[in-house]
*Asks:* 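I have a structure here, written as structure tokens, and I will follow up with some questions on it.
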Amino acid sequence: MRPNPNRARKFQPERLYIAGKTAMNHLRTLTAKFKPQTVKRLTQHNVAMRPVLLSRLYSIPGASEHFLNGSNSNYLEEMYYAWLANPKSVHKSWDKFFRTSNVIVPSDSLLDSLSPSGSLPAVAHSKSRTVTPAKVEKIVEDHLAVQSLIRAYQTRGHHVAQLDPLGILHADLDSGIPFDLVTSMDKLGFYGLHESDLDKVFRLPTTTFIGGNEPAISLREILKRLEKTYCRHIGLEFMFINDVDQCQWIRQRFETPGLLKFTNKEKRKLLARLVRSTRFEEFLARKWSSEKRFGVEGCEVLIPALKTIIDVSISEGVDNVIMGMPHRGRLNVLANVIRKDLEQIFCQFDPKLEASEEGSGDVKYHLGVYQERINRTTNKHITMSLMANPSHLEAVNPVVQGKTKAVQFYCGDTTGQKVMSILVHGDAAFAGQGIVYETFHLSDLPSYTTHGTIHVVVNNQIGFTTDPRMARSSPYPTDVARVVNAPIFHVNSDDPEAVTYVCKVAAEWRSTYNKDVIIDLVCYRKRGHNEMDEPMFTQPLMYKQIQQQVPVLKKYADKLISEGVLTLQEYEEEIAVYDRICEEAYTRAKDEKIHQIKEWLDSPWLGFFTQSGEPKSMTCAPTGLSVEILQHIGNVASSVPIEGFTIHGGLSRVLRGRAEMAKNQIVDWSLAEYMAFGSLLKEGIHVRLSGQDVERGTFSHRHHVLHDQDIDKKTCVPMNHLWSDQAPYTVCNSSLSEFGVLGFELGFAMTNPNALVCWEAQFGDFNNTAQCILDQFISSGQSKWVRNNGIVLLLPHGMEGMGPEHSSARPERFLQMCIEDSDVYPKYTEEFEVRQLFECNWIIVNCSTPASYFHVLRRQILLPFRKPLIILTPKSLLRHPEAKSHFDEMKTGTTFQRIIPDEGLAAQNPNHVKRLIFCTGKVYYELAKERINRKMEKEVAIIRLEQISPFPFDLLKMEIDKYPNAELTWCQEEHKNIGYFDYVRPRFRVTVQFKRPVWYVGRDSSPAPATGNKNTHLTELQGLLDTSFNLQAFEGMTV
Ligand SMILES: Cc1ncc(C[n+]2csc(CCOP(=O)(O)OP(=O)(O)O)c2C)c(N)n1
């Protein structure tokens, strides 16, 4: 059953069954929603029987109520009772109506099956017998009651399901029992039923499958089956899903009798998987008793669970599984799900092992891995990876999604049938971390969907030392998943068969609906938070219970042995075999001398580096382009490349402006970006630009997606009309999330080195809500996980009097995290420029010209390695008349200029220059204007740093040496404690060997990045310009 996206919203009869409502209520509502044609047909057939109703129908001027509604319902009731007594006594259209309208339909067989003392009098079956309205009404009420009751179990059965293996906690944090669940006989009274009704037979509605092939069963059996489906070891939450098909699908998968049966072969396989899971932890505990490993004990079933999900998904067509998970059970997953070599895992425990690569590395329970192998269950070749992740719980979620999306994108998997993601979570983190919610909101967006993620929550009912009732306000840790209508399957982890079944259904769900699904493994944590922790300090009673708990492996083995599925001897042999495997790997691990971090790379780029993982060269081709290419891109960028497309008049003006620029071989910011992106597309490089409102551009400058003004949702992306054989361009407005979307794009950029993946912040400062992605992944990812990443961050930045929150992208924070030593003047070699880039952890630029922006974007791809690139992008410069570049600055042979020297009068006679002003970004234009106003072009030289980090030591030294008599100043528009000063100061000082001071010109320190007062802003600006051109400003001052 596949979802049909074009399907109109369906009428959902099941929603009408509300406890205590009468059949008539239901019919009234139902008929109110009935198709008008049907009503008309019924009217035609029945008006003759009741002329009065006809007159009423037509006598209410303008009334929208048709005759089957509200006030006409007495007639309906009569018809219904007559039909109940004898379906043939009413017109066949009424018969059809009652039969198909999902109300209680006593079939002939049902009538026959009812006992003489049953709820439906035998008279109802025969015209010769009479039925009293009171009795019929009772039948109706009883049936309705039964339907309500069924619905109550479907909706709330999970609240009483036995989910906690310890039997002491409530997974929903509530010990109460919903009063509409019949947990004791007296509760039948709520429905107007009695114990004596238990053996009466009831027709089952279409919204349940508990009957299997039987259309009617006794109340006793109904209760038994509901209880078995909804209140044992599986708790199902799905009734909030807005799609009836999907609800039906779930009901069918869980309610149909006999589905939860396993063959002996399946049971043995499940046991074998539990053996591996359990014995792996026991082995680690024996060999390294005082090492942290965040063992999975208490949730050993996680391994068979994941394996089932993977097996079923692979049999449904998936061949690439990308996983993300936290610390708990990670080593076990590496060993027994991904099948990482055991010796590689064991040697992580050897503290003496030397790391082979540079970098700081990471603890063993954070490392990622990539494996290609045969899946034994399906014999298919598959790829599996587990993404490296930081300690920050859940932060990896969007990264996994981005990577999954990219793998899908590059292999043409548009529906997620081949590539899927699995995310494992802890209960406390899943409930507590906002990134979970942000990631869920990406799950159904066209440019971000991965077509369904299977989430597995290791719900050990504790977070470090905190009890769930202190850690969340929602009943379950999984409630966040409701926002995307994902079904939630809670399951008691001490019932491995229930877990396996749930996992199978979850994988089928994903393959059927391509939507997220949650498996909540309710379990316990055998030890403390880690193996060194004492849990009895804080959860004494829980841990007393845990000490008595029989491990799930033993329980399940005993069960299978008692069922005769296997013998004790076979079981012991299974254990012995796996123990031997571990021992042998342990012996081999002792021979390992070097720890190869690249063995743990989760996203290898085949062919991009040399065999040994080095860049293929240490050079970068010039980034300039032929004028023809520039011209062609300019022409397309200023046109509407499809016929019959009406654009907004204002946009026509923008395009005309672009055409004029292109004709004059001039570019502004947006055209330069167009040319960088467009030319890379020509070279087969996929370009993806994602972020809030990026399609138009926050500042209405980009317009990469044109919207037809007459036809809704008709759009055109000219960038995809540049060349017939170009790579695709993706530009997508994102959800309003920074943490989630930046994480996603980082994951996307991880997949293919030959892609330019850019994330743009609405305003640069909003990157701070994605700080975790910056700190834990982007700045440090390569060092921790030997993983290159070429993501580009576009961060609008600049003091323009827009207030504290739209001014600063906080360059100081990025600069502070650069690894380059501020106190060492680097050794100059021929490859200096590229090597410096190779050795840095990220590149930070603040371009002052469109050409500079163009070159740096292209350089990002032409470099023989990948580094994250942070670009502080402008706002007012987007339209500044001076901020334009000529094709000459971008043509073949030109390249990115790390600094832009002064090329005016000052440079012509450097000895006469009294002051050098170093700056970066847009303040240059203010300084240049002021210099002209003050006629100081000969005395003051202005030098722009386009690349701030790595610091262009070599070029700056040349500039400084060129102006021997000049005073050195650093001018910035940002406050002193913000911006670049703290970063550039020590580097300037080593450049001049501490012989010349470098004076600061700029705003004073401030806790807020900018003032909210326009006047103050302008006064501050004038102040810094005054100081810049006051050649006496630093007279007599010492450093
Ligand atoms: C964002 C974040 N905050 C805090 C921590 C510290 N921390 C590590 S594990 C943990 C408890 C997590 O509990 P849960 O999600 O239930 O997983 P469990 O450890 O129980 O498997 C905490 C608070 C962290 N790693 N990440």
Side-chain angles (χ1 to χ4, degrees), residues 163-166 169 171-173 277 281 292-303 305-306 323-333 362-367 387-400 423-439 455-481 490 493 518-535 537-539 542-543 546 739-740 743 768-777 780 784:
L163 298 175
D164 176 24
L166 302 175
L169 298 168
D172 61 353
L173 305 185
S277 171
E281 298 294 350
K292 279 190 211 170
R293 63 190 152 85
F294 295 101
V296 80
E297 295 106 312
C299 193
E300 288 88 343
V301 83
L302 175 66
I303 302 304
L306 291 173
M323 294 177 59
M325 72 175 294
H327 49 284
R328 180 92 42 224
R330 193 172 171 110
L331 297 176
N332 210 322
V333 168
D362 203 345
V363 291
K364 49 190 164 294
Y365 39 81
H366 288 166
L367 295 176
M387 305 286 285
N389 63 251
S391 183
H392 288 52
L393 294 166
E394 307 291 340
V396 80
N397 298 0
V399 185
V400 169
L423 286 176
V424 181
H425 314 268
D427 53 320
F430 198 54
Q433 291 291 306
I435 189 60
V436 173
Y437 177 85
E438 291 187 37
T439 308
H455 300 262
V456 181
V457 181
V458 176
N459 180 358
N460 55 24
Q461 310 185 85
I462 189 165
F464 211 141
T465 66
T466 304
D467 290 322
R469 70 205 153 88
M470 298 300 166
R472 64 174 193 258
S473 297
S474 60
Y476 293 100
T478 49
D479 288 87
V480 60
H490 308 281
S493 296
I518 320 300
I519 299 162
D520 179 22
L521 298 177
V522 186
C523 56
Y524 60 95
R525 192 186 70 193
K526 176 94 196 275
R527 301 168 197 272
H529 172 61
N530 59 57
E531 289 67 26
M532 307 298 108
D533 237 12
E534 173 52 84
F537 286 144
T538 48
Q539 275 76 21
M542 183 190 202
Y543 273 82
I546 288 173
F739 193 171
N768 58 14
T769 64
Q771 197 65 48
C772 175
I773 297 294
L774 294 167
D775 292 355
Q776 268 65 39
F777 291 88
S780 56
K784 294 196 284 191

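For ligands, and for the atoms within them, numbers begin at 1 and follow the listed sequence.
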*Asks:* For atom 21 (O) of ligand 1, what's the nearest protein heavy-atom neighbour? Residue, atom name and distance, please.
*Replies:* Arg328 NE, 2.8 Å
*Asks:* Specify whether His529 and Phe464 have parallel, tilted or perpendicular ring planes, treating 30° as the upper limit for parallel and 60° as the lower limit for perpendicular.
*Replies:* parallel
*Asks:* With backbone taken as N, CA, C and O and side chain as the heavy atoms from C-beta onward, which portion of Thr466 lies under 4.0 Å from ligand 1: side chain, backbone, both, or neither?
*Replies:* neither
*Asks:* Identify the two heavy atoms, one from Val400 and one from Gly324, that lie closest to each other, and give their separation to 0.1 Å.
*Replies:* CG2-CA, 3.7 Å
*Asks:* Consider only side-chain N and O atoms of Asp427 and Gln461, and report whether a donor and an acceptor are under 3.5 Å apart.
*Replies:* no
*Asks:* Check whether any side-chain N or O of Glu534 sits under 3.5 Å from a backbone N or O of Gly528 as a donor-acceptor pair, and report yes or no.
*Replies:* no
*Asks:* Any N or O on Val458 sitting closer than 3.5 Å to an N or O of ligand 1?
*Replies:* no
*Asks:* Determine the minimum heavy-atom distance between Glu281 and Val296, stating which atoms define it.
*Replies:* OE2-N, 3.1 Å
*Asks:* Closest non-hydrogen protein atom to atom 16 (O) of ligand 1, residue and atom name please, with distance?
*Replies:* Asp427 OD1, 2.6 Å
*Asks:* Would you check if the side chain of Arg330 reaches a backbone N or O of Met325 as a donor-acceptor pair within less than 3.5 Å?
*Replies:* yes
*Asks:* Looking only at heavy atoms, what is the nearest atom pair of Gly295 and Glu531, with distance?
*Replies:* N-OE2, 2.6 Å
*Asks:* Answer with side chain, backbone, both or neither: which part of His327 has a heavy atom less than 4.0 angstrom from an atom of ligand 1?
*Replies:* side chain
*Asks:* Heavy atom to atom 15 (O) of ligand 1, shortest distance: which of Gly329, Pro468, Pro326, Ala429 holds it?
*Replies:* Ala429
*Asks:* So which protein heavy atom does atom 9 (S) of ligand 1 come closest to, and at what separation?
*Replies:* His529 CE1, 3.0 Å
*Asks:* Protein heavy atom under 4.0 angstrom of atom 24 (C) of ligand 1, is there one?
*Replies:* yes
*Asks:* So is Arg525 in contact with ligand 1, going by heavy-atom distances below 4.0 Å?
*Replies:* no
*Asks:* Please work out which of Gly463, Ala471, Gly298, Gly528 has its closest non-hydrogen atom nearest to atom 13 (O) of ligand 1.
*Replies:* Gly463
*Asks:* Tyr543 and Arg525: side chain to side chain donor-acceptor pair (under 3.5 Å), yes or no, with the steps?
*Replies:* CA-CA 9 Å; Tyr543 273 82; Arg525 192 186 70 193; 3.1 Å; yes
*Asks:* Considering only non-hydrogen protein atoms, determine which one is nearest to atom 17 (O) of ligand 1 and report residue, atom name and distance to 0.1 Å.
*Replies:* Gly426 CA, 3.6 Å
*Asks:* Does ligand 1 come near enough to Ser391 that some N or O of the ligand is less than 3.5 Å from an N or O of the residue?
*Replies:* yes
*Asks:* Specify the closest pair of heavy atoms between Leu302 and Arg328, including all atoms of both residues, with the distance to one decimal.
*Replies:* CD2-O, 4.5 Å
*Asks:* Quick one: CG on Asn530 to CZ on Phe294, what's the gap to the nearest 0.5 Å?
*Replies:* 4.5 Å
*Asks:* For ligand 1, which atoms, with element, lie under 4.0 Å from some heavy atom of Ala428?
*Replies:* 13 (O), 14 (P), 15 (O), 16 (O)
*Asks:* Among all protein heavy atoms, pick out the one at the shortest distance from atom 22 (C) of ligand 1; state its residue, atom name and that distance to 0.1 Å.
*Replies:* Phe464 CD1, 3.8 Å
*Asks:* When you measure from atom 2 (C) of ligand 1 to every protein heavy atom, which one gives the shortest distance, and what is it?
*Replies:* Leu393 N, 3.8 Å
*Asks:* Which residue owns the protein heavy atom closest to atom 3 (N) of ligand 1, what's the atom, and how far is it?
*Replies:* Gln433 NE2, 4.4 Å
